[in-house]
2 protein chains.
Amino acid sequence: MPDRSASPPDSPTGGLTPKAEQTRTQILRAALDLFRESGYDGTTMRAVAKAADVSLGNAYYYFASKEHLVQGFYDQIQVDHAAAAESALAAETGFSGRLLAVLDSWVDVAAPYHEFAGAFFKNAAEPRSPLSPFSGESAAAREASIALHRRAVEGSDVKVAAALRAQLPELLWLLQMGVVLFWVHDDSPEQRRTHDLVRQIVPLVDRLIRLTRLPGARGLAEDVVALVAKVRG
Amino acid sequence: MPDRSASPPDSPTGGLTPKAEQTRTQILRAALDLFRESGYDGTTMRAVAKAADVSLGNAYYYFASKEHLVQGFYDQIQVDHAAAAESALAAETGFSGRLLAVLDSWVDVAAPYHEFAGAFFKNAAEPRSPLSPFSGESAAAREASIALHRRAVEGSDVKVAAALRAQLPELLWLLQMGVVLFWVHDDSPEQRRTHDLVRQIVPLVDRLIRLTRLPGARGLAEDVVALVAKVRG
DNA sequence: CGTCGTTCTTGAACACGTTCAAGAAAGGTG
DNA sequence: CACCTTTCTTGAACGTGTTCAAGAACGACG
């Protein structure tokens with residue numbers, strides 16, 4: 001009796017895949033090409049299968065759904081962002097500059113996918129979707145992104161209230177999610193408005209963080225941290 | 001020659017509808033009932049049409065798509081919220097209490113739709129969707145919601161930096177959007193965690209606002225307002 | 001080699017959202 | 001009343017994402 005719930009390699013480079021891992025990447029590559037070319041809705045699973053030289057059913061053997069193909073896009077952009085941010089970070093020592101480096105490099109890296117991203121962004125917003133940035137399936141990418149912000153913080157000179165320090169990278173990641181939300185809605189050419197937003201908001205964040213060391217604000221900062229900690233669980 | 005782009009009453013209670021407006025509400029009512037009962041994905045347009053005693057094609061004559069049926073849900077919940085918040089506001093004079101009244105009453109009013117909301121929330125997140133809270137089609141509901149927050153601010157004793165005062169209702173509306181985002185992802189029974197979030201974040205916001213009058217923070221507040229103003233355009 | 005269990009592959013079939021050509025009612029206008 | 005235009009109504013048909021029963025290919029063990 002064949003396994004009813006035929007679950008193939010589920011993770012990007014899942015543990016269990018002999019050599020037909022190649023077929024998987026073949027499908028994924030075809031999908032990303034078509035997504036880029038015709039957008040998400042404009043790309044049919046039949047077209048993906050044909051471009052990858054497999055049958056329709058076979059595509060579904062490797063990817064549980066069309067949405068799952070998008071996870072490949074996530075992984076790709078995350079890797080690209082990590083590389084771009086890393087080289088931008090090398091040139092900056094101030095906190096402000098380093099945060100700007102991380103945020104701005106994301107906007108640059110994501111630029112080619114802007115139109116396509118708008119079309120499938122809705123899927124990411126669905127709570128139960130594996131594509132949600134808060135989902136368990138996205139944990140790896142999320143952690144990697146938070147780690148990037150941690151590097152931005154730790155490599156800098158920023159003085160921050162002790163209680164806040166540990167949580168800061170996660171809060172900055174949240175800020176980045178906000179930037180992404182804005183970016184997706186940004187119709188301006190070259191996403192100039194998102195660039196402007198980033199450039200203006202970074203010094204504000206910088207000042208806000210330094211403010212947390214003032215007597216009147218420290219307690220507030222601690223409460224914010226406590227709130228985030230409680231709410232995250 | 002019949003009008004090719006057969007556009008029927010587009011707005012909720014659009015100007016031009018003789019008496020067959022009744023058919024429209026009939027369909028809408030059937031849809032909302034089914035949505036509540038079986039969720040968004042579990043409800044088919046065929047089922048809606050049958051429940052409303054019209055043909056499938058006729059449902060599409062009145063509503064351009066399944067998503068457009070959801071606008072009815074939006075309108076309903078906004079009206080309910082306005083009423084609930086109004087009565088809650090009557091009992092509160094402090095800013096903190098008034099803000100809590102507005103946010104908490106939303107969570108209460110929306111509770112019956114929590115499961116259903118999660119299923120279609122993705123549509124609202126799509127930039128080009130008319131259901132997006134930032135879209136032109138949602139402008140009316142958005143304005144009404146902002147007006148509610150304006151009432152919360154103006155009826156209270158809060159002292160806020162002048163520059164911030166005008167923008168505050170809009171910022172609070174943004175805060176509410178954040179609460180909605182959290183609510184949609186909230187799996188806890190009765191959405192207890194969202195209630196906790198609201199109850200904890202309100203005093204924080206209260207303190208944060210009062211802080212904007214301190215010398216060290218006032219400039220920052222003004223810059224935030226300037227940023228929001230620029231970014232909104 | 002033969003046999004069995006697992007992994008992989010296939011295309012037909014299903015249910016759905018949506019479109020469309022065709023026509024029925026309804027509402028003037030003479 | 002007859003005629004025409006506009007509004008409304010219909011169900012078949014299309015293309016889509018997804019499922020499924022059936023079997024091919026493969027690998028291990030005797």
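Labels below follow one simple rule: chain letters A, B, ... track the order of the sequence lines, proteins then strands, and each chain is numbered from 1.
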Of the listed C/dG17, D/dT9, D/dT18, the closest approach to the A/Met45 side chain comes from D/dT18
From the candidates C/dC16, D/dG11, D/dT19, the one with an atom nearest any side-chain atom of B/Thr44 is C/dC16
Comparing nearest nucleotides in DNA chain C, the 5'-proximal residue of the pair A/Asn58, B/Ser65 is A/Asn58
| message | Any heavy-atom pair between the side chains of A/His149 and A/Val153 that's under 4.5 Å? | response | no
How many Å lie between [atom1] on [X] and [atom2] on [N], as a whole number?
{"X": "B/Arg24", "N": "D/dT7", "atom1": "CZ", "atom2": "C1'", "result": "16 Å"}
{"X": "B/Tyr60", "N": "D/dA12", "atom1": "OH", "atom2": "P", "result": "17 Å"}
{"X": "A/Tyr40", "N": "D/dT16", "atom1": "OH", "atom2": "C1'", "result": "12 Å"}
{"X": "B/Phe63", "N": "C/dT19", "atom1": "CZ", "atom2": "C1'", "result": "18 Å"}

task = Quick one: sort the B/Phe35 and B/Phe116 rings into parallel, tilted or perpendicular, breaks at 30° and 60°.
result = parallel
| request: Please determine if a side-chain N or O atom of B/Tyr62 lies less than 4.0 Å away from the OP1 or OP2 oxygen of D/dT9. | output: yes
Query - Side-chain N,O (B/Tyr61) to OP1/OP2 (D/dT9) below 4.0 Å - result: no
_Taking the basic N atoms (NZ, or NE/NH1/NH2) and the acidic carboxylate oxygens, is any pair closer than 4.0 Å for A/Asp187 and A/Arg193?_
no
Note: for B/Asp53 and A/Arg46 on DNA chain D, the residue whose nearest nucleotide lies more 5' is B/Asp53
*asked:* Please report whether the ring centroid of A/Phe73 lies less than 6.0 Å from that of A/Tyr113.
replied: yes
